[in-house]
Amino acid sequence: MAKTPGNSVVVGVGGTPPGSNTKYETAAHPPCHCKKSKCLKLYCDCFASERYCSDCKCSNCQNSPDFEDIRSKAIADTRSKNPNAFKPHATGCRCKKSACLKKYCECFTAGVVCGGNCKCEGCKNFVGSQL
DNA sequence: GAGTTTGAAACT
DNA sequence: CAGTTTCAAACTC
Ligand SMILES: [Zn+2]
Ligand SMILES: [Zn+2]
Ligand SMILES: [Zn+2]
Ligand SMILES: [Zn+2]
Ligand SMILES: [Zn+2]
Ligand SMILES: [Zn+2]
């Protein structure tokens, strides 16, 4: 754990962080903000990673041990539709407006150049685009 | 923080 | 498979 420069305070989970420079000791996964998916579809990054929601900002969340039965069925259902659903993505993007240079693009977000599996338009995320 | 944009995921 | 809708995150202001 690198020390934070300056006077930032490392704090665990809990109530509202008082300061703007508060950092989390355990760089936990970022909280999701799902509302309609109940965190039981791949829209939810927690669910997509088979993680329970923890300290998330979701509403109507069922991705928790309290809903183990529902959650397990949702996982099974998702996997039955797509056996690769819970495997690391490698499918390629289909961006049309971001030039694959914004985080809307999964390739860009992953720090990977677009490849043969991508079907993007106006892509600028290719080998040689780095100055 | 509210509103808009974006493209994966879901659905038909 | 293609077209459409839904959704939550990225982005903008
Ligand atoms: Zn969620
Ligand atoms: Zn979550
Ligand atoms: Zn949740
Ligand atoms: Zn892309
Ligand atoms: Zn790509
Ligand atoms: Zn691309």
Side-chain angles (χ1 to χ4, degrees):
Chain A
M1 305 1 136
K3 277 194 173 174
T4 56
N7 58 358
S8 58
V9 177
V10 173
V11 69
V13 299
T16 305
S20 59
N21 59 354
T22 303
K23 309 230 165 172
Y24 290 92
E25 170 69 51
T26 60
H29 304 278
C32 71
H33 299 79
C34 310
K35 294 180 178 174
K36 310 193 77 168
S37 72
K38 303 174 184 176
C39 301
L40 291 181
K41 304 227 165 155
L42 294 174
Y43 297 126
C44 175
D45 189 65
C46 302
F47 181 81
S49 301
E50 292 188 279
R51 270 187 282 102
Y52 291 116
C53 283
S54 178
D55 299 302
C56 290
K57 307 297 183 188
C58 37
S59 304
N60 307 310
C61 182
Q62 297 185 345
N63 182 30
S64 79
D66 292 350
F67 298 88
E68 192 57 60
D69 288 1
I70 296 170
R71 177 178 183 272
S72 297
K73 287 177 181 174
I75 292 174
D77 186 50
T78 300
R79 187 177 282 114
S80 72
K81 294 173 189 168
N82 175 12
N84 297 321
F86 297 103
K87 298 191 173 159
H89 285 186
T91 45
C93 70
R94 308 180 67 87
C95 306
K96 294 181 178 177
K97 308 180 82 169
S98 71
C100 301
L101 291 178
K102 297 189 178 179
K103 293 187 87 175
Y104 295 123
C105 173
E106 293 192 334
C107 300
F108 181 84
T109 300
V112 175
V113 173
C114 288
N117 296 336
C118 298
K119 291 176 180 161
C120 36
E121 301 174 8
C123 181
K124 292 188 177 174
N125 180 33
F126 49 85
V127 287
S129 59
Q130 178 189 9
L131 287 184

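Throughout, protein chains are lettered first and strands after them, A, B, ... in sequence-line order, and every chain is numbered starting at 1. Model, not experiment: these values are computed from the prediction.
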Measure the distance from NZ on A/Lys38 to P on C/dC7 and round it to the nearest whole Å. 11 Å
Whole angstrom is fine here: how far is it from NZ in A/Lys57 over to P in C/dA10? 16 Å
Looking only at side-chain atoms of A/Lys41, point me to the closest of B/dA8, C/dA9, B/dC11. B/dC11
For A/Ser72 and A/Asp69, indicate whether the former's side chain and the latter's backbone hold a donor-acceptor pair under 3.5 Å. no
By the 4.0 Å heavy-atom rule, please label A/Cys105 as base, sugar-phosphate, or nothing. nothing
Using a 4.5 Å cut-off on heavy atoms from C-beta on, say whether the side chain of A/Cys39 contacts that of A/Cys46. no
Which of the following nucleotides, B/dT6, C/dC11, B/dA10, is nearest to the side chain of A/Lys102? C/dC11
Length of the line joining A/Leu101:CG and C/dA10:C1', which is rounded to integer Å: 14 Å
Can you check the A/Tyr104 OH to B/dA9 P distance for me, whole Å? 17 Å
Students should find that the end-to-end axis angle of the helix from B/dG1-C/dC13 to B/dT12-C/dA2, with five pairs defining each axis and rounding to 10 degrees, is 0°
Any A/Tyr43 side-chain heavy atom under 4.5 Å of A/Lys36 side chain: no
Between B/dA8, B/dC11, C/dA9, which nucleotide gets closest to the side-chain atoms of A/Lys81? B/dC11
Considering only side-chain heavy atoms of A/Arg94, which listed nucleotide, B/dG7, C/dA10, B/dA8, is closest? B/dA8
Single-linkage hydrophobic cluster A/Leu40~A/Leu42, side-chain heavy atoms < 4.5 angstrom: yes
Treating A/Asn63 as the side-chain partner and A/Arg51 as the backbone partner, does any N or O pair qualify as donor plus acceptor under 3.5 Å? yes
Quick one: does any side-chain atom of A/Asn125 pair with a main-chain N or O of A/Val112 as donor and acceptor, under 3.5 Å? yes
Side-chain heavy-atom pair A/Cys107, A/Cys100 within 4.5 angstrom cut-off: no
A/Lys96 has an atom NZ; how far is it from atom P of B/dT6, in whole Å? 12 Å
Checking contacts here: which listed nucleotide (C/dC7, B/dT6, C/dA9) is nearest the side-chain heavy atoms of A/His33? C/dA9
note: A/Lys97, atom NZ; B/dA8, atom P; distance rounded to Å ~ 14 Å
Nearest to side-chain heavy atoms of A/Leu42, which nucleotide of C/dC7, B/dA8, B/dA10: B/dA10
Check whether any side-chain N or O of A/Ser98 sits under 4.0 Å from OP1 or OP2 of B/dG7, and answer yes or no. yes
Can you tell me how far C1' of B/dA8 sits from NZ of A/Lys87, to the nearest Å? 19 Å
Applying side chain to side chain donor-acceptor pair (under 3.5 Å), name anything that partners A/Lys81, two or more places apart in sequence or on another chain. A/Asp77
Taking OH from A/Tyr43 and C1' from B/dG7, how many angstroms apart are they, rounded to a whole number? 11 Å
Determine: side-chain N/O of A/Ser37 to OP1/OP2 of C/dA8, distance under 4.0 Å, yes or no. yes
Return the nearest nucleotide to the side chain of A/Lys103; candidates are C/dC11, B/dA8, B/dG7. C/dC11
So what does A/Cys44 touch, heavy atoms closer than 4.0 Å: a base, only the sugar-phosphate, or nothing? nothing
